[in-house]
Amino acid sequence: MPANRFNNFTNYGIGIGLRAPHYHHILTRKPVVDWFEIISENYMIDGGRPLRILDQILDQYKVVQHGVSMYFGSAEKLNREHLRRLKALVKRTKTPWLSDHLCWGSVDGRYTHDLLPMPYTFEAARVTAQKIREVQDFVEVPVVVENVSSYAEFHVSEMTEWEFLNEVVERADCGILLDVNNIYVSSQNHSFNPFDYVNSVPAERVAQIHIAGHSKYRKYILDTHDHPVIDPVWKIYARAIERVGHTATLLEWDDSIPSFDEVHDEALKANKFLASAVLKKAG
Amino acid sequence: MKLAAIQRRMARAVMTPLTRDERMRPNAPGGGSMRAEAAKFIKPNDRLTSFERLEIYNRQYWFRVLSGFAEDFPGLRAVLGERKFDAVSKAYLIDCPSESFTLRNLGARLEGWLRKHTAMLGDRAALAVDMARLEWADIDAFDGLAEPGLKQADLAKADPSKLRLKVQPYIHLLDLRYPVDDLLIEVRKDMDELNVASNAFSERQKKKRVRQVAALKPAEIFLCVHRVDEEVYFRRLEREEYAILAAIAAGKTLAKALDTAWTGTKISPADQRAHVQQWFQTWSSLGWFCHIDKNSKK
């Protein structure tokens, strides 16, 4: 599903997250990169250097917005100020689609700034889908939701995580940003087969894929985005590509950020799998 | 259990302060045991109890907000020292958790909070408040709104008795009791050096900073925190300059703003006009004004 209505019929290749330590390299060396993903909240500001740099990047590269605090799954109403600023940024970047996480993180107007896990209930799916629709209507670009890494599960859950994801995207009629590292992390923390997850995702709704590294502790794994992608995650990615086809792929690296070239080289490893998808389609 | 109830319950636990050794507290916020509370809504697995799973989120929350706060206020940290800064950060974030979708606004209520909790700050309370004000102004000036600047020719056409100028929204005007601008610049230089230095060098720098803070004597200063080419700068102002700018920012007409400047001034009446002309030239060249009220032109 390279181009579909959830990624606005685009066919992006391999991108990396736009991060401040790489600004200088990008603006002076102008490396060839298919696209950059920006954290929306970093640019939902009124002025100053971040916006000036973003404008320079926009002059030369394709940019897609990725949010971290819309909290579709929070029981409280959407933050109107957040929406207003998000829409202004959408107009600036002309992002073909907009992603944020299938999670919650605020209660009574107080923000945890974390991606907290959802209880997988029908009530939660209904509330979440409704909010995704509201955001989509307001920003007027396709909204896609990303599965998060989680470290806890709730007694009240009525379904698996992938059943919940499917329930939400069907109700909201939105796309999916499939994070294969998050699938791996959660599969280790909750003892499920990650391929059951990938095989259950509606392939026609996948607009984008995330890859990343993580940190392994004695009893659990944390999604830290501070390492290269490990082989088991590439295997999940390979299966995802096998199912959904050549799809816009992005490497996230947010902590202990190495040089631009190192990050980009790591992302480009995805080419091997994307090429096989092209061959398969041709054959 | 309904979605809102689960989220309220979990958020309360997640935002509960950690113990001294950075673990989740054994007691739940509303009384009772946190283990029992966690077990009510979080499933255990074969490796972690409900308490331990909830604790991952509790620790992540505090590590995230405390590191964000420390990154924003290195000057306050230098003024208070590690231990007091740590206590102040935690107490502030308990009283004033984030109410914004962005961590950028974490310190928005700090100045007011510090003024109400001077007992925590010891004998450096005034210095700490000044530093917090400067650091918040710096954050706000960095990415605040810039409107199209006003040209000097626009000013020439205006009637001072009616003219109401507008100061750029990103500008902060500060009246301070300590020269914290110099101290903050030094602290940042230290931080840059520390990034490439050894541990021994780091210890020497820490001691140097403690000496700098201890030696800082009160000295009233007036400051404009502003931007040039998207970089934030601290510009010292004359008392009279500050008075005019503050009056303009408060919405006074130019004529009234000028009147406020000369109370108690040492600048002789003969020199005042030349000073005002020089100041306006500087302010205009820095693009500090952005608007003339429609009704204020001749």
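Lettering of chains follows the sequences in order, A, B, ..., and the numbering in each one begins at 1. Just so you know, these numbers come straight off a predicted model, no measurement behind them. Computed from heavy atoms alone, side chains included, the values below leave out hydrogens, waters and symmetry copies.
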Under 4.5 Å from any heavy atom of chain A - which part of [X]:
X	result
B:Phe142	both
B:Ile42	both
B:Ala141	neither
B:Leu48	side chain
B:Lys2	both
B:Arg227	side chain
B:Glu99	both

Chain B contact via [X] - which portion, at a heavy-atom distance below 4.5 Å:
X	result
A:Ser150	both
A:Asn42	neither
A:Arg52	side chain
A:Asp114	both
A:Arg218	neither
A:Thr112	both
A:Met118	side chain
A:Leu222	side chain

Tell me whether [X] is salt-bridged to [Y], with the criterion being a basic N under 4.0 Å from an acidic carboxylate O.
X	Y	answer
A:Lys131	A:Asp100	no
B:Arg20	B:Asp86	no
A:Arg92	A:Asp55	yes
A:Glu41	A:Arg85	no
B:Arg47	B:Glu52	no
B:Glu111	B:Arg115	yes

Please rank [options] by heavy-atom pairs under 4.5 Å with chain A and give me the top one.
options	answer
B:Met15, B:Arg104, B:Met10, B:Arg12	B:Met10
B:Val65, B:Val14, B:Asp143, B:Leu54	B:Asp143
B:Asp46, B:Asp229, B:Val232	B:Asp229
B:Pro44, B:Ala39, B:Gly144	B:Gly144
B:Ala11, B:Ala4, B:Pro97, B:Ser100	B:Ser100
B:Tyr61, B:Tyr170, B:Phe101, B:Phe41	B:Phe101

Say whether, by atom type as modelled, one donor and one acceptor occur between the side chain of [X] and the main chain of [Y] under 3.5 angstrom.
X	Y	answer
A:Asp226	A:Asp254	no
B:Arg236	B:Leu223	no
A:Asp179	A:Asn182	yes

May I ask you to check whether B:Asn45 and A:His190 show a side-chain donor-acceptor distance below 3.5 Å?
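No, no side-chain donor-acceptor contact under 3.5 Å.
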I'd like to know if the side chain of B:Tyr233 pairs up with that of B:Asp181 as donor and acceptor (distance under 3.5 Å, no hydrogens or angles considered).
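Side-chain D/A pair, B:Tyr233 to B:Asp181: absent.
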Within 45° of the axis and under 6.0 Å from the centre of the six-membered ring of [Y], does NZ or CZ of [X] qualify?
X	Y	value
B:Lys43	A:Phe154	no
A:Arg80	A:Phe138	yes
B:Arg35	B:Phe51	yes

If you count heavy-atom pairs under 4.5 Å between each of A:Pro119, A:Pro117, A:Gly67 and chain B, which one has the most?
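Option with the top pair count is A:Pro117.
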Between chain B and each of A:Gly73, A:Ser157, A:Gly105, count heavy-atom pairs under 4.5 Å; write down the option with the most.
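Ranked by heavy-atom pairs under 4.5 Å with chain B, first place is A:Gly73.
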